[in-house]
> 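One structure follows; several queries about it will come next.
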Amino acid sequence: MNRILKHLLVIVCILGLFQGMSYRSWGQAQAIVDTREIIIGDQINLLLSVRLQTKQDKVLWAKIPDTLTGLEILEKGKVDTVKDNDVLLLQQKVILTGFDSGRYVIPSLLFQVNTKGQVFDLSTDSIWIDVQTLAVDTTKTFKPIKNIVEVPFSWLDYWKLILATLLLAGLGIFIWIYFYKNKKTLIPSRSIKAPPELSHEKALRLLQELREKQLWEHGYIKEYYSELSDITRVYLEERFGIAAMEQTTDELLALLKKQNDSRTELRKLRPELKLILRTADLAKFAKANPLPHEHGACMEAAVEVVKQTKKKAEEDKA
């Protein structure tokens, strides 16, 4: 029984060994440099690469320190994936330099690959680098520092800039000339003035606005009659040239009795004017409160006075 167990254990170890060897025979990690000898301050290109067996393999990339012994890391490129036939190749470029002479070693770098749940280690070979100084002949004397050499000025060194400037200037001049010649002169639009409002039109408009205010309906009796009286008096001044705003009601009514051809039609409307002006005086000065039908009657009387005395067409022409 013990012999059987020993044989099984040996078989398992051999299978595991072959499985590990099968991946290592396929997977590979490499570190390659473009040169092994540099002068102080020169750069070395280090190319790291790992070949994978399948797309499902995952790689834990080697940790690269910022500084190696005697060497400095200038730049770490990103890890790129390259497909080489059916093989996936991961690559990274690292740039190094050295500032002290001597022989230095890029150590072996460890990569871990996870394939089908098993982790394998892949290592690169270590690489030695020789950093050398410039050969100096100490037998010769040191030479003095040379003076600054002035380079002669030449327009040919700036021909591209000059050409671009001329082209831009020419383009700007062309655009200006084009728009200047094709510029349309804007003719100022003549504003059409509305004809002046005639006296009767103005009076009828103000009377309608007064009606819409509904002053007496809201209890503003005095204000209603003040506006009604003013509208009527202003109309008489503008239409007949009577100083109606400066005269009392009695003076204005007495004036209308006088014989005057231009006021003949106005004398016929004396009862309407008397109703408007007398009622307005009572409301404004005597604090009287006319009845609702009187408010409407005074408004209608004012409208009638204006309509009956408005200018005729032949008067406007004259």
> If Ile, Leu, Val, Met, Phe, Trp and Tyr residues are connected whenever their side-chain heavy atoms lie under 4.5 Å apart, and connections chain through other members, are Ile32 and Leu48 in the same group?
no
> Does Leu252 reach the side chain of Leu236, with side-chain heavy atoms less than 4.5 Å apart?
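In contact.
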> Which atom pairs, one a donor and one an acceptor, fall under 3.5 Å between side chains of residues 273-282 and the rest of the protein, sequence neighbours left out?
unit_1: Arg278; atom_1: NH1; unit_2: Asp250; atom_2: OD1; d: 2.6
unit_1: Arg278; atom_1: NH2; unit_2: Asp250; atom_2: OD1; d: 2.6
unit_1: Thr279; atom_1: OG1; unit_2: Leu275; atom_2: O; d: 2.6
unit_1: Asp281; atom_1: OD2; unit_2: Thr249; atom_2: OG1; d: 2.5

> Is it true that, when you exclude Lys76 itself, more than 12 heavy atoms of the residues, nucleotides or ligands shown sit nearer than 6.0 Å to its NZ?
yes
> Taking the side chain as every heavy atom from C-beta outward, state whether Ile127 and Arg36 have any atom pair closer than 4.5 Å.
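A side-chain contact exists here, since the closest heavy-atom pair is under 4.5 Å.
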> Within this structure, what is the CD1-CG distance for the pair Ile38 and Leu71, rounded to the nearest 0.5 Å?
7.0 Å
> Quick check: closest heavy atoms across Pro290 and Glu294, and the distance to 0.1 Å?
CA-OE1, 3.2 Å
> Just how far is it from atom CD of Glu75 to atom CG of Leu46, taken to the nearest 0.5 Å?
12.5 Å
> Output every pair passing side-chain hydrogen bond (donor to acceptor under 3.5 Å, both in side chains) with a member in residues 90-104, not counting sequence neighbours, ordered by first then second residue.
Trp61-Gln92, Arg103-Asp130
> Is the shortest heavy-atom distance from the side chain of Arg239 to the side chain of Val305 under 4.5 Å?
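The answer is no; the side chains never approach within 4.5 Å.
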> Examine Tyr224 and Val303 and state if one hydrophobic cluster contains both, with Ile, Leu, Val, Met, Phe, Trp and Tyr joined whenever side-chain heavy atoms are less than 4.5 Å apart.
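In one cluster: yes.
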> Heavy atoms only: give me the nearest Ile73-Pro65 pair and the separation to one decimal.
CG1-O, 3.2 Å
> Indicate, with yes or no, if Ile95 and Leu47 share a hydrophobic cluster defined by side-chain heavy-atom contacts under 4.5 Å among Ile, Leu, Val, Met, Phe, Trp and Tyr.
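No; Ile95 is not reachable from Leu47 via cluster members.
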> Taking ring pair (Phe, Tyr, Trp, His ring centres under 6.0 Å) as the test, write out the residues that go with Tyr180, two or more places apart.
Trp176
> About how many Å separate CG of Leu269 and OG1 of Thr309, when rounded to the nearest 0.5 Å?
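Nearest 0.5 Å value for the OG1-CG distance: 6.5 Å.
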> Would you be so kind as to tabulate the donor-acceptor pairs closer than 3.5 Å made by side chains of residues 159-171, with sequence neighbours excluded?
unit_1: Thr165; atom_1: OG1; unit_2: Leu161; atom_2: O; d: 2.8

> Are the side chains of Leu60 and Asn114 in contact, using a 4.5 Å heavy-atom criterion?
no
> The criterion is ring pair (Phe, Tyr, Trp, His ring centres under 6.0 Å); which residues satisfy it with Tyr225, sequence neighbours excluded?
His295
> Of the non-hydrogen atoms in Val131 and Gly98, which two are nearest, and what is the gap between them?
CG1-O, 4.1 Å
> Taking all non-hydrogen atoms of both residues into account, name the closest pair between Gln308 and Glu304 and its distance.
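Looks like NE2-OE2, 2.7 Å.
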> Has Asp42 got more than 12 heavy atoms of other residues, nucleotides or ligands less than 6.0 Å from its CG?
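Buried by this count: over 12 neighbours within 6.0 Å.
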> With a 6.0 Å cut-off (strictly less than), is the heavy-atom count around OH of Tyr178, excluding the residue itself, greater than 12?
no
> For the atom pair CD1 (Ile64) and CG (Leu109), what is the distance rounded to the nearest 0.5 Å?
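Result: 6.0 Å between the selected atoms.
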> Quick one: are Thr81 and Leu88 in side-chain contact, heavy atoms under 4.5 Å?
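Heavy-atom side-chain distance check passes, below 4.5 Å.
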> According to a hydrophobic-cluster definition based on side-chain heavy atoms being under 4.5 Å apart (Ile, Leu, Val, Met, Phe, Trp, Tyr only), do Val306 and Val234 belong together?
no
> Quick test of your reading of the model: are Glu246 and Arg233 salt-bridged, counting only N-O distances below 4.0 Å?
no
> Rounded to the nearest 0.5 Å, how far apart are NE2 of His293 and SG of Cys298?
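If I round to the nearest 0.5 Å, the distance is 9.0 Å.
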> I need the Leu207 CG to Leu228 CG distance, nearest 0.5 Å.
6.5 Å
> Give a yes or no on whether Lys202 atom NZ has more than 12 heavy-atom contacts from other residues, nucleotides or ligands under 6.0 Å away.
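Counting other residues, nucleotides and ligands, NZ of Lys202 stays at 12 neighbours or fewer.
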> Is a side-chain donor or acceptor of Glu237 paired with a backbone partner of Met245 at a separation under 3.5 angstrom?
yes
> Could you pull out the closest heavy-atom pair between Glu238 and Ser199, with the gap in Å?
OE1-CB, 3.8 Å
> If we only count heavy atoms from C-beta on, is the Lys213 to Glu227 side-chain gap below 4.5 Å?
yes
> Could you walk me through whether Leu215 and Leu210 satisfy the side chain to side chain contact (heavy atoms under 4.5 Å, CB included) test, starting with their C-alpha distance in whole Å, then the side-chain angles of each, then the deciding distance to 0.1 Å, before giving a yes or no?
CA-CA 8 Å; Leu215 292 178; Leu210 176 60; 3.7 Å; yes
> Could you pull out all residues at least two apart from Tyr158 that satisfy ring pair (Phe, Tyr, Trp, His ring centres under 6.0 Å)?
Phe153
> Hey, mind stepping through Asp80 and Leu90 against side chain to side chain contact (heavy atoms under 4.5 Å, CB included) and telling me if it holds?
CA-CA 6 Å; Asp80 294 323; Leu90 302 182; over 6 Å; no
> Just by distance, do the side chain of Ser108 and the backbone of Thr124 share a donor-acceptor pair under 3.5 Å?
yes
> Less than 4.5 Å apart, side chain to side chain, heavy atoms only: is that true for Tyr235 and Ile231?
no
> Just wondering, do Arg205 and Glu197 contact through their side chains at under 4.5 Å, heavy atoms?
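They are in side-chain contact.
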